[in-house]
Amino acid sequence: MEEYAREPCPWRIVDDCGGAYTMGAIGGGIFQSIKGFRNAPVGMSHRFRGSLTAVKTRAPQLGGSFAIWGGLFSMIDCGLVKVRGKEDPWNSITSGALTGAILAARNGPMAMVGSAAMGGILLALIEGAGIMLTRFASTQFPTGPQFADDPSQLQNPSFGEYRQYQ
């Protein structure tokens with residue numbers, strides 16, 4: 001399955017790292033702003049200050065964590081594309097499992113197995129949803145009617161012998 005919109009592998013890793021950092025920083029900023037607002041002392045000025053402090057403290061950290069996950073996933077995915085010689089959903093599923101295992105390596109083998117299973121299952125669900133969405137979208141837009149090559153096989157018009165240009 002070729003993905004024409006994606007860049008070649010060395011640049012894909014950098015692109016995915018940047019995209020993952022951006023998603024983590026923005027999502028973490030939204031989450032931390034709500035959390036900081038709720039946990040701050042009473043008073044709007046204290047709550048806005050607490051919200052801003054939480055965002056400045058935690059959003060870059062969450063962005064960095066997402067970037068590490070995205071970069072490692074892309075490196076493994078590019079390695080699998082190179083080794084296997086094809087780009088298919090199995091590469092992404094395997095990359096998700098290996099990324100989960102590698103990132104949980106500091107917590108021991110049991111945590112690695114659990115994280116690998118979760119990473120593989122999560123990526124399998126994402127890939128499966130993408131395949132189903134593609135198939136559903138392709139049935140919505142058929143390629144159109146197939147025309148016969150031989151004009152003698154065409155049906156007679158239902159309006160009789162009417163000819164517009166005589």
Side-chain angles (χ1 to χ4, degrees), residues 1-42 46-143:
M1 177 169 66
E2 292 291 325
E3 294 186 35
Y4 297 108
R6 297 198 65 183
E7 296 183 11
C9 267
W11 301 111
R12 185 184 304 180
I13 297 168
V14 176
D15 187 40
D16 287 350
C17 270
Y21 179 84
T22 303
M23 283 193 302
I26 291 172
I30 292 169
F31 180 79
Q32 292 300 321
S33 66
I34 294 168
K35 185 177 176 184
F37 187 84
R38 292 183 67 193
N39 291 335
V42 177
H46 291 295
R47 291 191 183 260
F48 283 128
R49 194 175 313 125
S51 178
L52 185 62
T53 302
V55 169
K56 288 193 309 189
T57 304
R58 289 289 295 153
Q61 292 174 352
L62 287 169
S65 296
F66 271 65
I68 290 170
W69 196 97
L72 186 58
F73 175 85
S74 292
M75 287 192 316
I76 294 171
D77 192 36
C78 286
L80 288 173
V81 168
K82 181 70 173 171
V83 168
R84 294 184 66 221
K86 59 183 174 180
E87 193 165 342
D88 60 359
W90 288 109
N91 288 348
S92 295
I93 295 168
T94 307
S95 298
L98 288 173
T99 299
I102 290 170
L103 291 177
R106 292 174 40 182
N107 297 327
M110 289 302 292
M112 287 177 70
V113 170
S115 293
M118 288 305 296
I121 290 170
L122 178 67
L123 265 296
L125 289 173
I126 291 171
E127 289 291 328
I131 291 169
M132 287 177 51
L133 187 63
T134 302
R135 285 189 182 164
F136 178 73
S138 68
T139 60
Q140 294 294 316
F141 302 107
T143 57

Working to the nearest 0.5 Å, report the span between [atom1] of [X] and [atom2] of [Y].
{"X": "Ile68", "Y": "Thr99", "atom1": "CD1", "atom2": "OG1", "value": "12.0 Å"}
{"X": "Met112", "Y": "Leu98", "atom1": "CE", "atom2": "CG", "value": "9.0 Å"}
{"X": "Leu52", "Y": "Thr57", "atom1": "CG", "atom2": "OG1", "value": "9.0 Å"}
{"X": "Lys35", "Y": "Gln32", "atom1": "NZ", "atom2": "CD", "value": "5.0 Å"}
{"X": "Phe31", "Y": "Ser33", "atom1": "CZ", "atom2": "OG", "value": "9.5 Å"}

Heavy-atom pair with the smallest gap, counting every atom of [X] and [Y]:
{"X": "Glu127", "Y": "Ile93", "answer": "CG-CG1, 4.4 Å"}
{"X": "Ala40", "Y": "Gly50", "answer": "CB-CA, 4.2 Å"}
{"X": "Asn91", "Y": "Ser95", "answer": "O-OG, 2.7 Å"}

Check for a donor-acceptor pair, side chain of Ser51 on one end and backbone N or O of Arg47 on the other, with a separation under 3.5 Å.
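Pair absent, no side-chain N/O of Ser51 close to backbone of Arg47.
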Please tell me if the side chains of Phe37 and Phe48 come closer than 4.5 Å, counting only heavy atoms from C-beta onward.
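Touching, per the 4.5 Å side-chain cut-off.
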Arg135 vs Ile131 side-chain heavy atoms within contact, under 4.5 Å:
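Answer yes - side chains close enough.
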Look at atom [atom1] of [X] and say whether more than 12 heavy atoms of other residues, nucleotides or ligands are closer to it than 6.0 Å.
{"X": "Arg84", "atom1": "CZ", "result": "yes"}
{"X": "Met118", "atom1": "CE", "result": "no"}
{"X": "Phe66", "atom1": "CZ", "result": "no"}

Which pairs would a plain distance check flag for residues 70-79, meaning a side-chain donor or acceptor within less than 3.5 Å of a matching protein atom at least two apart in sequence or in another chain?
| residue | atom | partner | partner atom | Å |
| --- | --- | --- | --- | --- |
| Ser74 | OG | Asp16 | OD2 | 2.4 |
| Ser74 | OG | Gly70 | O | 3.1 |

Side-chain donor-acceptor pairs of residues 100-111 under 3.5 Å, sequence neighbours excluded:
none

